[in-house]
K.L.:
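Please see the structure below; I have some questions.
In what follows, chains carry the letters A, B, and so on, assigned in the order in which the sequence lines appear, proteins first and then strands, with residues in each chain numbered from 1.
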Amino acid sequence: MYLESQKQLAETLRDVLQNKYGVQPENVPVEIPPDLKFGELATPIALQLARTLRKAPKVIAQEIVAALGTVDGFAGFEVAGAGYINARLERAAFVAETAQAALPKIAHTHFRVANPPHALVEHTSINPNKAAHIGHLRNAILGDTFVRLLRAAGHKVDVQNYIDNTGVQVADVVVGFLHLEKRSVDEVRALVAACEQRAATEGHTAAIDYLCWDLYARTSQWYAEGTAEENGARKKLRYDTLHAIEHGGNETAEVAELISTAVLKRHLETMLRLGIEYDFLPRESEILHLKFWELAFEQLKQKGVLYFETEGKNKGCWVMRRPGAETAADEVDEDAKVIVRSNGTVTYVGKDIAYHLWKFGLLGRDFGYQPFFRYADRECWISTEHGVEPHPHFGGAQAIYNVIDSRQSDPQANVIQALRGMGYTEQADRYIHFGYEMVALTPSYAAQLGYQLSEEDRARPYIEISGRKGFGVKADDLMDLMIQAAKAEVVKRHADWDEAAVMAVASKIAYGALRYYMLRFTRNSVIAFDQDMALSPEGETGPYLMYAAARIRSIFRKAGTAPEAALAELAGMAELGRFLTGADDEDIWALWLRAGRRSMVLEQAIATSEPAYIAKHAFQLAQEFSNFYHNHHILTEEDAGRKKFLLATAAVTLHELVTVLAWLGIESPEAM
RNA sequence: GCGCCCGUAGCUCAGCUGGAUAGAGCGACUGACUACGAAUCAGUAGGCCGGAGGUUCGAAUCCUUCCGGGCGCACCA
């Protein structure tokens, strides 16, 4: 609602400027003033035009206000400060329309886009060789939330989780199974099956991903703990194993397939706990076996992006210029990125270029598809060499978002550079590296988890999770710990609830707390995770937001009416203005204004690829409601009309809060 | 050496395309439950926005430079 008012004012201003001064500024800024006393919208346009029009800003502002006259939806305009134009909204109309928009039927048609953009979001992408950890959770939660935002805005979105099932990390656990533990293929197969059975009864700590977590650590250690000669042989074994897996069609590759598939299933289960689902799982093995690279290589050579180096350190390689590289034409570009090695094999970036050509539908070849994992209402597909028919089609997107941590911005930039060099500039512009910083632990939480910290460590703002130092938290363990902690709080307050009820609510609180904590920080800020901070009922946390919603629901239970009914009643009320103009009513107006701000915040969050804006918005909404709740007693209000209005205010808050929390992937319990 | 990110209140962080008195949470201190859930709310203290130049009517925001911190820069995946 707010967004519509803002756009309308900008348009009207544009007309006025054109008619009166014959100017067409690139953009007409319409902002939200720092304080309600300045109105609900404001523009500094007169200040901007002062120079070109050679007039005092205040004079221009007055002229514009005069020319604006009356505008639908606005109560008036005034000149303030050095030359601001402040706009006051027609409050009653704004409230009525915001309430209307919250009614179910209208809400659904609100964001129907005629020709929806097709976006592809890739996130999670965990090496399928061990259990997911806390860092992976930030990736998946960020990606999943962004998917929800795009879908809320009416985009068509495919969610992909890229699986590197033929990489060194998988090779390492395969080395562990075959050479440290000396198991045969059949033994590994039996072990995978046994783990699955045990996990079904004993829980996920008995599952294959937990087992691999330890084996992977042991193998990594084993590479370095022998004599120099032994270690050399072990390194060779590692790369021979890797190459056998890449090549396929042998027992080593079969073990890799068994392990990576079983671990992948576990990752999907882990993420499903947080409501995170995928549409398609493209695997590295198919990119290799379906020879995506050969097609890409032809294109790259043809378009001159790759050239064969005949001099210098990269002699004998096919290389590509790095973005922003400047070298004279006759000089050897020693800094160039190698795409094909002198032995003829392709590097990681090369494979990634091929994969991204596929994403944009520019490769001319497709994966085979087969169903892999069943969700409540849909199927998750996986790539395969020879797929089933019929199958859905993925790829060919107009825009892509890669949720990958910031450290990988260099290879990402190389892929974008290659696309640009091939003339796919539009695609390069819509290739978004959705980067984010790492998740660490607060020193106190690291200590709580049992890690030994030095004096120096304790003074740090955060403790980095590091395989080398042995700091790591499995995602499932973390969620279990959080549920236990939440459970203790729920039991304290609801001694009469049965175990199932307590667990259901405790899980919602734990998952919501976790998701909110991962989302409240902007992407390029390091998160120092702390369970107690995330679960705190006070402050900017998930539980605080859920509590606000639970309290509103409680009001409606006591009032004996439903939020929808309260909103519907408001629609029929006349003279809403009388509830919005009193000296004590400013906080109510502020709340409606916040409630009407949803689409504005959504647009901003998508434009900047920053889900944290939504988290912030949800918090402010809850906070303003709590303020309102303490200032106005709803159920004892004697003025019947005013009581209805207060109830509708609570109803619109609940509706907005629940909607926005759903975008964040957070469910709020009825009571907590 | 080159490139990217960061430096805002005691701590952790917001601050939208430059705009009105720089905000929030936590922590500290004061208050508010015989009214809808106190897992709450209200208030107070706390800031030369890393330093210095510059552009602008206007800079936490843009440019230059320096200081301090983090991360990248493989014929590894």
K.L.:
May I have the distance from Gln623(A) (atom CD) to G25(B) (atom P), rounded to whole angstrom?
P.N.:
5 Å
K.L.:
Do Ile509(A) and Val490(A) have side chains that approach each other closer than 4.5 Å (heavy atoms only, starting at C-beta)?
P.N.:
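Yes, at least one pair of side-chain atoms sits under 4.5 Å.
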K.L.:
As a test of reading the structure: which of A20(B), C75(B), C57(B) is closest to the side chain of Ala80(A), going by heavy atoms?
P.N.:
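It is A20(B).
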K.L.:
Which part of the nucleic acid does Met672(A) contact within heavy-atom distance under 4.0 Å: base, sugar-phosphate only, or nothing?
P.N.:
base
K.L.:
Anything below 3.5 Å on both distances counts as a pair; with that, list the stems of at least three consecutive Watson-Crick or G-U pairs involving RNA chain B.
P.N.:
B:1-5 with B:69-73, B:10-13 with B:23-26, B:28-32 with B:40-44, B:50-54 with B:62-66
K.L.:
Would you kindly check whether a donor in the side chain of Ser409(A) faces an acceptor in the base of C4(B), or vice versa, at under 3.5 angstrom?
P.N.:
no
K.L.:
When you measure from the side chain of Tyr613(A), which nucleotide among C41(B), A77(B), C16(B) comes out closest?
P.N.:
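Among C41(B), A77(B), C16(B), the one nearest the side chain of Tyr613(A) is C16(B).
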K.L.:
Take the angle between the ring planes of Phe434(A) and Phe146(A) and call it parallel below 30°, perpendicular above 60°, tilted in between.
P.N.:
tilted
K.L.:
Please state whether the phosphate of C41(B), meaning OP1 or OP2, lies under 4.0 angstrom from any side-chain nitrogen or oxygen of Asn631(A).
P.N.:
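The answer is no; no side-chain N or O of Asn631(A) sits under 4.0 Å from OP1 or OP2.
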K.L.:
Any ion pair linking Glu40(A) and Arg597(A) (charged N to carboxylate O, less than 4.0 Å)?
P.N.:
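Here Arg597(A) does not pair with Glu40(A) in a salt bridge, since their nearest N and O are not under 4.0 Å apart.
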K.L.:
Ion pair present between Asp639(A) and Lys643(A), side-chain N to carboxylate O less than 4.0 angstrom?
P.N.:
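Judged by the 4.0 Å cut-off on N to carboxylate O distance, Asp639(A) and Lys643(A) do not form a salt bridge.
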K.L.:
From the options A20(B), A24(B), A39(B), select the nucleotide whose nearest atom is closest to the side chain of Pro537(A).
P.N.:
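Output: A39(B).
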K.L.:
Considering heavy-atom distances to RNA chain B, does Gly312(A) or Tyr517(A) have its closest nucleotide positioned more toward the 5' end?
P.N.:
Tyr517(A)
K.L.:
Choosing from C71(B), A74(B), A39(B), which nucleotide comes nearest the side chain of Arg322(A)?
P.N.:
A74(B)
K.L.:
Would you measure the distance from the C1' atom in A20(B) across to the matching atom in G15(B) and give it in whole Å?
P.N.:
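About 15 Å, rounded to a whole number of Å.
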K.L.:
Mind telling me whether C33(B) is syn or anti, cutoff 90° either side of 0?
P.N.:
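Classified syn.
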K.L.:
Quick check: do Leu519(A) and Leu142(A) have side-chain heavy atoms less than 4.5 Å from each other?
P.N.:
yes
K.L.:
Answer yes or no: is there an ion pair linking Lys7(A) with Glu4(A), defined by an N-O contact shorter than 4.0 Å?
P.N.:
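Here Lys7(A) does not pair with Glu4(A) in a salt bridge, since their nearest N and O are not under 4.0 Å apart.
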K.L.:
Using the side-chain heavy atoms of Thr347(A), tell me which of these nucleotides is nearest: C75(B), C36(B), U17(B).
P.N.:
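The answer is C75(B).
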K.L.:
NA contact type, Ser525(A), heavy-atom cut-off 4.0 Å: base, sugar-phosphate, or nothing?
P.N.:
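Counting heavy atoms under 4.0 Å across all strands, the contact made by Ser525(A) is with sugar-phosphate only.
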K.L.:
Output yes when Glu78(A) and Arg88(A) qualify as a salt bridge under the 4.0 Å nitrogen-oxygen rule, no when they do not.
P.N.:
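A salt bridge is present here (some side-chain N lies under 4.0 Å from a carboxylate O).
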K.L.:
Just checking Lys313(A): base, sugar-phosphate only, or nothing, at a heavy-atom cut-off of under 4.0 Å?
P.N.:
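Base, at least one base heavy atom under 4.0 Å.
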K.L.:
Using the C1' atoms only, state how far C6(B) lies from C49(B), rounded to an integer number of Å.
P.N.:
14 Å
K.L.:
With no hydrogens and no angle check, is any side-chain donor or acceptor of Tyr436(A) less than 3.5 Å from a backbone partner on Val526(A)?
P.N.:
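Not a single qualifying donor-acceptor pair exists.
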K.L.:
Looking at Thr608(A), I'd like to know whether one of its side-chain N or O atoms comes within less than 4.0 Å of OP1 or OP2 on C16(B).
P.N.:
no
K.L.:
Using OP1 and OP2 only, check whether a side-chain N or O of Tyr348(A) sits under 4.0 Å from A74(B).
P.N.:
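So the side chain of Tyr348(A) is outside the cut-off, no N or O lying under 4.0 Å from OP1 or OP2 of A74(B).
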K.L.:
Please give the distance between the P atoms of A74(B) and G3(B) as a whole number of Å.
P.N.:
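One P to the other, the span is 15 Å.
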K.L.:
Whether Lys315(A) and Glu309(A) form a salt bridge (side-chain N of Lys/Arg under 4.0 Å from carboxylate O of Asp/Glu) is what I want to check.
P.N.:
no
K.L.:
Work out how far the P atom of G25(B) is from that of C41(B), and round it to whole angstrom.
P.N.:
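It works out to 9 Å between them.
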K.L.:
Is the distance from OP1 or OP2 of C41(B) to the nearest side-chain N or O of Tyr547(A) less than 4.0 Å?
P.N.:
no
K.L.:
Check this for me, if you would: do Arg420(A) and Asp429(A) make a salt bridge, where the nitrogen-to-carboxylate-oxygen distance has to be below 4.0 angstrom?
P.N.:
yes
K.L.:
Between C73(B), C75(B), U40(B), which nucleotide has the shortest distance from any of its atoms to the side chain of Asp410(A)?
P.N.:
C73(B)
K.L.:
With stacking defined as ring centroids separated by under 5.5 Å and planes differing by under 30°, is His630(A) stacked against U40(B)?
P.N.:
no
K.L.:
Side chain of Ser626(A): nearest nucleotide among A77(B), U56(B), U40(B)?
P.N.:
U40(B)
K.L.:
Rounded to the nearest Å, what distance is computed from the CD1 atom of residue Ile404(A) to the C1' atom of nucleotide C4(B)?
P.N.:
16 Å
K.L.:
Using the C1' atom as the point on both nucleotides, what is the distance between A9(B) and A60(B), in whole Å?
P.N.:
14 Å
K.L.:
Let me know, please, whether Pro29(A) or Val490(A) comes out on the 5' side of the other along RNA chain B by nearest nucleotide.
P.N.:
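Result of the comparison: Pro29(A).
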K.L.:
Does atom NE2 of His494(A) have more than 12 heavy-atom neighbours, drawn from other residues, nucleotides or ligands, at distances under 6.0 Å?
P.N.:
yes
K.L.:
Would you say C6(B) has OP1 or OP2 under 4.0 Å from some side-chain N or O of Asn524(A)?
P.N.:
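Yes, such a contact exists.
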K.L.:
When we call it a touch if two heavy atoms are under 4.0 Å apart, what does Val526(A) touch: a base, just sugar-phosphate, or nothing?
P.N.:
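Val526(A): backbone/sugar contact only, no base atoms under 4.0 Å.
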K.L.:
I'd like the C1' distance from G23(B) over to U65(B), given in whole Å.
P.N.:
30 Å
K.L.:
Of the listed nucleotides (A77(B), C57(B), C73(B)), which one gets closest to any side-chain atom of Arg51(A)?
P.N.:
C57(B)
K.L.:
Rounded off to whole Å, could you give me the OH-to-P distance for the Tyr2(A) and C16(B) pair?
P.N.:
17 Å
K.L.:
If you measure from the Lys or Arg side-chain nitrogens to the Asp or Glu carboxylate oxygens, is any gap between Glu670(A) and Arg557(A) under 4.0 Å?
P.N.:
yes
K.L.:
When rounded to the nearest Å, what value does the distance between P atoms of G50(B) and C16(B) take?
P.N.:
14 Å
K.L.:
Tell me the interatomic distance from Met320(A), atom CE, to A74(B), atom P, rounded to whole angstroms.
P.N.:
13 Å
K.L.:
For a ring-ring contact (aromatic ring centres under 6.0 Å, His included) with Trp318(A), tell me which candidate from Phe297(A), Tyr307(A), Trp293(A) qualifies.
P.N.:
Phe297(A)
K.L.:
Please determine if a side-chain N or O atom of Arg341(A) lies less than 4.0 Å away from the OP1 or OP2 oxygen of A77(B).
P.N.:
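The answer is yes; a side-chain N or O of Arg341(A) sits under 4.0 Å from OP1 or OP2.
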K.L.:
May I ask you to verify whether the side chain of Asn86(A) and the base of A20(B) hold a donor-acceptor pair under 3.5 Å?
P.N.:
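Under the 3.5 Å cut-off, the side chain and the base do form a donor-acceptor pair.
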K.L.:
Please report the distance, rounded to the nearest Å, between CD in Gln6(A) and P in C16(B).
P.N.:
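Going from CD in Gln6(A) over to P in C16(B) covers 14 Å.
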K.L.:
Among residues 35-49 of chain A, which residues get a heavy atom nearer than 4.0 Å to RNA chain B?
P.N.:
Lys37(A), Phe38(A), Ala42(A), Pro44(A), Leu47(A), Gln48(A)
K.L.:
At under 4.0 Å between heavy atoms, what does Lys315(A) touch on the DNA or RNA strands: base, sugar-phosphate, or nothing?
P.N.:
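Base contact.
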K.L.:
Roughly, in whole Å, what's the span from CD in Glu538(A) to C1' in U40(B)?
P.N.:
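Interatomic distance, CD of Glu538(A) to C1' of U40(B): 9 Å.
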K.L.:
To the nearest Å, how far apart are Phe625(A) CZ and A42(B) P?
P.N.:
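Atom-to-atom, Phe625(A) to A42(B), this comes out as 13 Å.
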K.L.:
Report the distance from atom CD of Glu334(A) to atom C1' of G1(B), rounded to the nearest whole Å.
P.N.:
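The answer, rounded to whole Å, is 15 Å.
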K.L.:
Let's test your reading of the model: under 3.5 Å, does the base of A39(B) pair with the side chain of Arg551(A) as donor and acceptor?
P.N.:
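Absent.
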K.L.:
Using the P atom on both, measure G69(B) against G46(B) and round to a whole Å.
P.N.:
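These two P atoms come out 31 Å apart once rounded.
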K.L.:
Quick check on the 6.0 Å ring-centre criterion: do Tyr355(A) and Tyr162(A) meet it?
P.N.:
yes
K.L.:
Contact class for Pro461(A) vs. all strands (heavy atom < 4.0 Å): base, sugar-phosphate, or nothing?
P.N.:
sugar-phosphate
